[in-house]
Protein chains: 2
Amino acid sequence: MVTKPGSKSGYHHGDLRNALVAAAVELATQGGPERVVLREAARRVGVSATAAYRHFDGQADLLWEVKAHAQVVLADRMEEAARAVAESTDPGAAATSRFLALGRGYIGFAVECPGLFRSAFCPVPAAAAADEDEGGDGDGDGDGGGDGDGPGTVNGGREPQARSFELLVQSLDQLLAHGRMAPGRRPLAEAVAWSAVHGVAELILEGPFAHLPAEERDAVIESTLSVVLAGLAAP
Amino acid sequence: MVTKPGSKSGYHHGDLRNALVAAAVELATQGGPERVVLREAARRVGVSATAAYRHFDGQADLLWEVKAHAQVVLADRMEEAARAVAESTDPGAAATSRFLALGRGYIGFAVECPGLFRSAFCPVPAAAAADEDEGGDGDGDGDGGGDGDGPGTVNGGREPQARSFELLVQSLDQLLAHGRMAPGRRPLAEAVAWSAVHGVAELILEGPFAHLPAEERDAVIESTLSVVLAGLAAP
DNA sequence: GGGGAATGTTAATGCTGTCAACATGGGGCA
DNA sequence: TGCCCCATGTTGACAGCATTAACATTCCCC
């Protein structure tokens, strides 16, 4: 029943939920999670504010959806970065490159889409736990091009940030398998790697590295990744 | 509520600015920066909302003050943790312990005072750059003390988060001086260390490590510090 | 084709930040 | 000492926000 495209007869929008999410995502993209204001999203869609309550529990629920979407985009970005890694004959070098690519993708997303990135980790007031079952959503997500675009086709399954974590786990397993990590470091390696990478991103966005020239900023990123890699390799 | 000095009559508060900052800090301590609402702070001090505008440019300015205060408290916490380190005959071991203490202090503050910690790194809408010189503010301010501790008398010099950075720099210099760090790692070491530690804190507060049992959470912290230390030591 | 339910609209409440106009009284100047 | 000025605090008002209640429209199934 969730007919995607505009079967709009004026009164019934036909795809309000996705349209609202899309508008909210755009708000978040430019301005961060604090700019995700329900009334403004409704205004942009051309609908009264209270219409949103037919599809969301409230502003927090809408923000939650934005957050979930942002995490999906983050994972997409990481995956794409990892896929673009040049193949190497040395599997150890490949594993290392893949790990670095994931980290650069993560931070790159934060730098290029600060609003969305911050939304991916923003605190949402009250957990809107209702997981509605979206029936058949054959999402042909289409790797669409530009960021802005896209419909709001949010994920059906409600499990945030699982995919980026999975990517990291695989990468770390590869590092271990090809002798680029000390076995004793493996257990909590995901936490360590994630923390370092997330910290860089956060400090670039809101912290002391905010006004660093791009060149120096990149040096900080590379340095951090390098140290983590070396630390994981050390016994 | 918390009227500091032997104040005046009912009309003129006598120390409204500091009282408002103190109230705002309390709000931030329990509930984070988004709970720093000007009207509520004024209400708690027992004053009309608009009275705050005699002392602040607006809510953003008040929040800025809270942020600055939070950064001071964070630095205090780190300093205290570092000072509590047991002296060692081995200067290298001492440098390592001091570094670990700083990191644990940083994260410990985040875990114990999440609201304040988040306030220390929250985005403040528009930078309220006006540093007014309060002439007669001379009286000895905070001796410290109980719960709420210090008054709102925030630092005079307006340079946030400088002190914690300085502590880190010193610690890293010690590590280098006593052979616990590869010289090539020194240049951007502060960025690396800060990122890792900040990332752990952030992910514990808002991210995927939020609902970790305390024991495992501590393991993540120790693991991260250990990897960073090893990475900085590796050539 | 009719009726129920899904969807969207207007009206209203209480919160917030912020400005304008008014009130008070403390401290400096005569 | 007395008095006036202005820093400080107050009430009132307005706009924007989230949210609820009551009302209106249209889709879709029987």
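In the text below, chain A, chain B and the rest are named by the order of the sequence lines, each starting its count at 1.
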- [ ] Starting from the 5' end of DNA chain C, give me the residue, S48(A) or R39(A), whose nearest nucleotide shows up first.
- [x] S48(A)
Could you check how far [atom1] of [X] sits from [atom2] of [N], rounded to whole Å?
X      : N       : atom1 : atom2 : result
L38(B) : dC15(C) : CG    : C1'   : 13 Å
R17(A) : dA6(C)  : CZ    : C1'   : 15 Å
L16(A) : dT25(D) : CG    : P     : 18 Å

TODO: Report yes if the distance between the aromatic ring centroids of F117(B) and H198(B) is under 6.0 Å, otherwise no.
DONE: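 For F117(B) and H198(B), the ring centres are under 6.0 Å apart.
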Open item on the list: Between the opening five pairs and the closing five pairs of the helix from dG1(C)-dC30(D) to dA30(C)-dT1(D), how far apart are the helix axes, to 10°?
Closed with: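 Axis angle across the helix from dG1(C)-dC30(D) to dA30(C)-dT1(D), nearest 10°: 10°.
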TODO: Could you check R54(A) against A49(A) and say which one's nearest nucleotide on DNA chain D is further toward the 5' end?
DONE: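 The residue mapped nearer the 5' terminus is A49(A).
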Open item on the list: Tell me whether the side-chain N/O atoms of H55(A) come closer than 4.0 Å to OP1 or OP2 in dG8(C).
Closed with: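 Answer yes for this pair, as a side-chain N or O of H55(A) is under 4.0 Å from OP1 or OP2.
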Open item on the list: Is there a side-chain contact between R43(B) and the phosphate of dT16(C), meaning an N or O under 4.0 Å from OP1 or OP2?
Closed with: yes
TODO: Mind checking side chain to side chain contact (heavy atoms under 4.5 Å, CB included) for A189(B) and listing every partner two or more places apart, or none if nothing turns up?
DONE: L172(B), M181(B), R186(B), L232(B)
Open item on the list: Counting distance alone, no hydrogens or angles: does the base of dT19(D) have a donor or acceptor under 3.5 Å from a partner atom on the side chain of T50(A)?
Closed with: no
Open item on the list: Looking at E40(B) and R35(B), is there a salt bridge between them, counting it only when a charged N and a carboxylate O are closer than 4.0 Å?
Closed with: no
